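Notes follow the structure.
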Amino acid sequence: MVMETNQKVNCTLGDIFLSPAFIEQFPILNSDRFKLVEDRILNEPEYVPQLGSFIKTIGGTNLKNNVIRILSKLITNQYAITCSWTGRGKNIDTRLGDSGLMNSIKNVIKEIYSNSYTDSEFEKIVPDWLRHANTRFSRTK
């Protein structure tokens, strides 16, 4: 399964170049950086394919592992503490559920795992990962 995923990713990368400046945007450290990424997704047509290519390079052993690895590379645990899927909750300042970043991740995951992907599964994995951000962050101190 791992080999199939990696082969599929390498075939779909195409000729998109990821500059060091692009890669340095991640992981997202705070809401200002998140808003910058969201603005670029909305206003720069070439940004979405670059983001998709970057997400594809992360890989994973299965759908859940891939989503978790993607989230870990794109968002720091410290910032994830202030995020939720719905935007509700104590000390939450970022709603991720309908963001361009989540849509980009979802589109890549759909493409890679077209046989086993469901929105329902994705919408369970991401909030669960966000819910445990505080625990992951406190372990790194």
Side-chain angles (χ1 to χ4, degrees), residues 1-89 91-141:
M1 181 74 174
V2 175
M3 298 250 312
E4 289 175 19
T5 303
N6 289 337
Q7 288 172 347
K8 197 167 192 179
V9 168
N10 290 333
C11 293
T12 57
L13 285 176
D15 296 327
I16 296 175
F17 173 72
L18 299 177
S19 69
F22 177 88
I23 294 170
E24 287 172 5
Q25 297 174 75
F26 302 103
I28 298 170
L29 306 169
N30 56 41
S31 60
D32 291 336
R33 295 260 306 258
F34 176 75
K35 288 174 186 155
L36 179 68
V37 169
E38 286 296 302
D39 285 345
R40 294 182 107 184
I41 288 170
L42 291 173
N43 301 318
E44 298 176 24
E46 72 281 355
Y47 191 82
V48 175
Q50 287 180 330
L51 182 59
S53 291
F54 179 63
I55 291 168
K56 287 175 187 174
T57 64
I58 296 170
T61 56
N62 58 40
L63 188 143
K64 182 176 181 178
N65 176 265
N66 200 341
V67 172
I68 289 169
R69 286 177 47 79
I70 290 167
L71 292 169
S72 298
K73 297 278 185 196
L74 297 184
I75 303 170
T76 63
N77 288 323
Q78 187 172 8
Y79 177 55
I81 293 169
T82 67
C83 301
S84 78
W85 185 258
T86 61
R88 291 182 299 217
N91 301 324
I92 300 298
D93 68 354
T94 305
R95 175 184 178 167
L96 292 180
D98 56 359
S99 67
L101 182 63
M102 284 302 122
N103 286 334
S104 294
I105 294 170
K106 191 184 292 190
N107 290 336
V108 169
I109 292 296
K110 266 185 201 176
E111 185 181 323
I112 295 171
Y113 297 97
S114 58
N115 296 336
S116 59
Y117 173 86
T118 63
D119 282 345
S120 172
E121 182 69 17
F122 185 82
E123 291 167 13
K124 280 190 237 170
I125 296 168
V126 176
D128 192 50
W129 183 83
L130 292 170
R131 192 175 308 111
H132 296 289
N134 201 13
T135 303
R136 288 190 308 274
F137 178 67
S138 62
R139 286 183 190 153
T140 61
K141 286 184 180 178

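All values below come from the heavy atoms of this structure, side chains included, with hydrogens, waters and symmetry mates left out. Please read these numbers as outputs of a predicted model, since none were measured by experiment.
Of the inter-residue distances, the one linking Leu130 atom CG with Thr86 atom OG1 reads 10.0 Å to the nearest 0.5 angstrom. Going from atom CD1 of Ile70 over to atom NZ of Lys56 covers 11.0 Å, rounded to the nearest 0.5 Å. Interatomic distance, OG1 of Thr61 versus CZ of Arg69, reported as 8.5 Å (0.5 Å rounding). Here the straight-line distance linking atom NE2 of His132 with atom CG of Asn77 works out to 12.0 Å at 0.5 Å rounding. Residue Asn134 holds its CG atom at 10.5 Å from CD of Gln78, rounded to the nearest 0.5 Å. Expressed to the nearest 0.5 Å, how far CD of Glu121 lies from NZ of Lys64 amounts to 7.5 Å.
Closest approach of Pro49 and Pro45 over heavy atoms only: CD-O, 3.2 Å. Contact detail for Asp119 and Lys110: the closest heavy-atom pair is OD1-CE, 3.7 Å. Closest of all the heavy-atom pairs between Ile41 and Leu101 is CD1-N, 3.5 Å. In terms of heavy-atom proximity, Asp128 sits nearest to Arg131 at OD1-NH1, 2.9 Å. Listed here is the closest heavy atom pair of Asn103 and Asp98: ND2-O, 4.0 Å. Between Leu63 and Tyr117, the shortest heavy-atom contact is CD1-CA, 3.6 Å.
Under the salt bridge (Lys or Arg N to Asp or Glu O under 4.0 Å) criterion, Asp93 pairs with no residue at all, not counting sequence neighbours. Contacts of Glu38 classified as salt bridge (Lys or Arg N to Asp or Glu O under 4.0 Å), with partners at least two apart in sequence or in another chain: none. Residues that satisfy the side-chain hydrogen bond (donor to acceptor under 3.5 Å, both in side chains) test with Thr94, not counting sequence neighbours, are Tyr79. The side-chain hydrogen bond (donor to acceptor under 3.5 Å, both in side chains) test applied to Asn115 returns no partner, not counting sequence neighbours. Taking Tyr47 as the reference, Phe22 meet the ring-ring contact (aromatic ring centres under 6.0 Å, His included) condition, with sequence neighbours excluded.
Side chains of Val48 and Asn107 form no contact here, defined as non-hydrogen atoms less than 4.5 Å apart. The shortest side-chain heavy-atom distance between Met102 and Ile105 falls under the 4.5 Å cut-off. For the pair Glu44 and Gln50, the minimum side-chain heavy-atom distance is 4.5 Å or more. With a 4.5 Å cut-off on side-chain heavy atoms, Ile55 and Ser104 count as touching. Within the 4.5 Å cutoff, the side chain of Val67 has no heavy atoms near those of the Trp129 side chain. When side chains are defined from C-beta on, Phe34 counts as touching Ser99, because their heavy atoms get closer than 4.5 Å.
Applying the salt bridge (Lys or Arg N to Asp or Glu O under 4.0 Å) test to residues at least two apart or on different chains, none of the pairs has a partner in residues 25-34.
The number of heavy-atom neighbours closer than 6.0 Å to NZ of Lys106, taken from other residues, nucleotides and ligands shown, is above 12.
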